[in-house]
Amino acid sequence: MTSSPSTPSTRPSAYPAIYEVVRRIPRGRVATYGQVATLAGLPGRARQVGYALHALRHPQDDAVPWHRVINARGEISHRAGAGLEDHAQRQLLEAEGVTFDTRGRVDLDRYRWPR
DNA sequence: ATGATGACCCAAT
DNA sequence: GATTGGGCCATCA
């Protein structure tokens, strides 16, 4: 792409690499924040991944399936005082065939991507 | 400019 | 298994 002259982060969503990786997660699979960070070339910066995803404002993103990103425990992470809106992520994953155990956790050995 | 927060992670206890 | 403490760095007040 003909060079992008440094593009200083003068505005949010300055993580094209992160969105690119998330976009690459196949349907019915999940990835952890740490994985996305590493795959995006930001090893150890898992927090920035979460921040970047939050910048999406959870719209109906088919372009960036944010719901396929979960934490390293296999659980869904959300802001404190999570309400009913947070259940959306679980429902979206279940709709893709991802199962949750009684504790609300996903079996990462089975659904983690890449394999 | 500093200080506190945060869709996190990991090792040690 | 649960808790504690350190690390990472962009964004907000």
Side-chain angles (χ1 to χ4, degrees):
Chain A
M1 317 273 238
T2 64
S3 81
S4 305
S6 44
T7 49
S9 48
T10 46
R11 69 176 60 232
S13 323
Y15 297 106
I18 292 175
Y19 299 133
E20 194 60 21
V21 172
V22 175
R23 205 173 291 165
R24 218 177 122 199
I25 303 173
R27 188 172 177 284
R29 287 298 247 310
V30 298
T32 67
Y33 294 92
Q35 276 183 262
V36 173
T38 300
L39 291 171
L42 301 169
R45 280 130 213 166
R47 270 190 152 169
Q48 265 53 358
V49 174
Y51 212 96
L53 293 182
H54 183 244
L56 295 172
R57 301 174 175 177
H58 59 91
Q60 304 104 18
D61 276 301
D62 280 347
V64 182
W66 57 272
H67 60 275
R68 292 180 191 146
V69 184
I70 60 179
N71 66 26
R73 290 164 134 188
E75 215 165 35
I76 292 173
S77 295
H78 269 266
R79 321 189 296 176
L84 302 171
E85 302 177 340
D86 301 328
H87 276 253
Q89 182 166 8
R90 175 167 174 171
Q91 307 237 335
L92 285 168
L93 289 174
E94 288 181 325
E96 297 184 349
V98 178
T99 60
F100 288 72
D101 64 14
T102 54
R103 287 155 116 212
R105 302 205 325 196
V106 175
D107 185 352
L108 287 176
D109 290 329
R110 180 170 178 160
Y111 295 104
R112 186 189 288 177
W113 174 89
R115 246 265 189 133

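Values below: every heavy atom of this structure, side chains too, minus hydrogens, waters and symmetry copies. Keep in mind that this is a model prediction, so the values were computed, not measured.
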Sub-4.5 Å side-chain heavy-atom contact between A:Tyr33 and A:Arg47: no
A:Gln35 CD - B:dC9 C1' separation (whole Å): 12 Å
Sole candidate of A:Ile25, A:Thr32, A:Val30 that passes side chain to side chain contact (heavy atoms under 4.5 Å, CB included) when paired with A:Val69: A:Ile25
Heavy-atom check, side chain of A:Trp66 versus side chain of A:His54, under 4.5 Å: no
A:Glu94 side chain to A:Phe100 backbone, donor-acceptor under 3.5 Å: no
Residues touching DNA chain B, which here means a heavy atom under 4.0 Å, drawn from residues 103-115 of chain A: none
Whole-Å gap separating P (C:dT11) and CG (A:Leu56): 13 Å
Between P of B:dA7 and CD1 of A:Ile18, the distance in whole Å: 14 Å
Whole-Å distance separating the OH atom of A:Tyr19 from the C1' atom of C:dA10: 12 Å
Listed once per pair and sorted, the side-chain hydrogen bond (donor to acceptor under 3.5 Å, both in side chains) pairs that draw on residues 95-104 of chain A, sequence neighbours left out: A:His67-A:Glu96, A:Arg68-A:Glu96, A:Thr99-A:Tyr111
Whole-angstrom distance between B:dC10 and C:dG1, as gauged at atom P: 15 Å
Nearest atoms (heavy-atom pairs only) where A:Ser77 meets A:Gln89: O-OE1, 4.4 Å
Co-membership, hydrophobic cluster, residues A:Val21 and A:Val49, 4.5 Å side-chain: yes
Gap between atoms CD1 and C1', on A:Ile25 and B:dA7 respectively (whole Å): 13 Å
Whole angstrom value for the distance that separates C1' of C:dC12 from NE2 of A:His54: 12 Å
Nearest-angstrom distance from the residue atom NE2 of A:His87 to P of B:dA7: 17 Å
Collect all protein-nucleotide pairs involving nucleotides 3-8 of chain C in which both atoms are nitrogen or oxygen and the distance is under 3.5 Å.
unit_1 : atom_1 : unit_2  : atom_2 : d
C:dC8  : N3     : A:Arg47 : NH1    : 3.3

Atom-pair distance (CH2 on A:Trp66; C1' on B:dC8), nearest Å: 17 Å
Euclidean distance for P, C:dA10 against B:dA1 (whole angstrom): 14 Å
With A:Val98, the side chain to side chain contact (heavy atoms under 4.5 Å, CB included) member among A:Asp107, A:Leu92, A:Leu93, A:Ile70: A:Leu93
Residue closer to the 5' end of DNA chain B, A:Tyr51 versus A:Asn71 (nearest nucleotide): A:Tyr51
Flag, side chain of A:Arg105 to backbone of A:Glu75, donor-acceptor distance under 3.5 Å: no
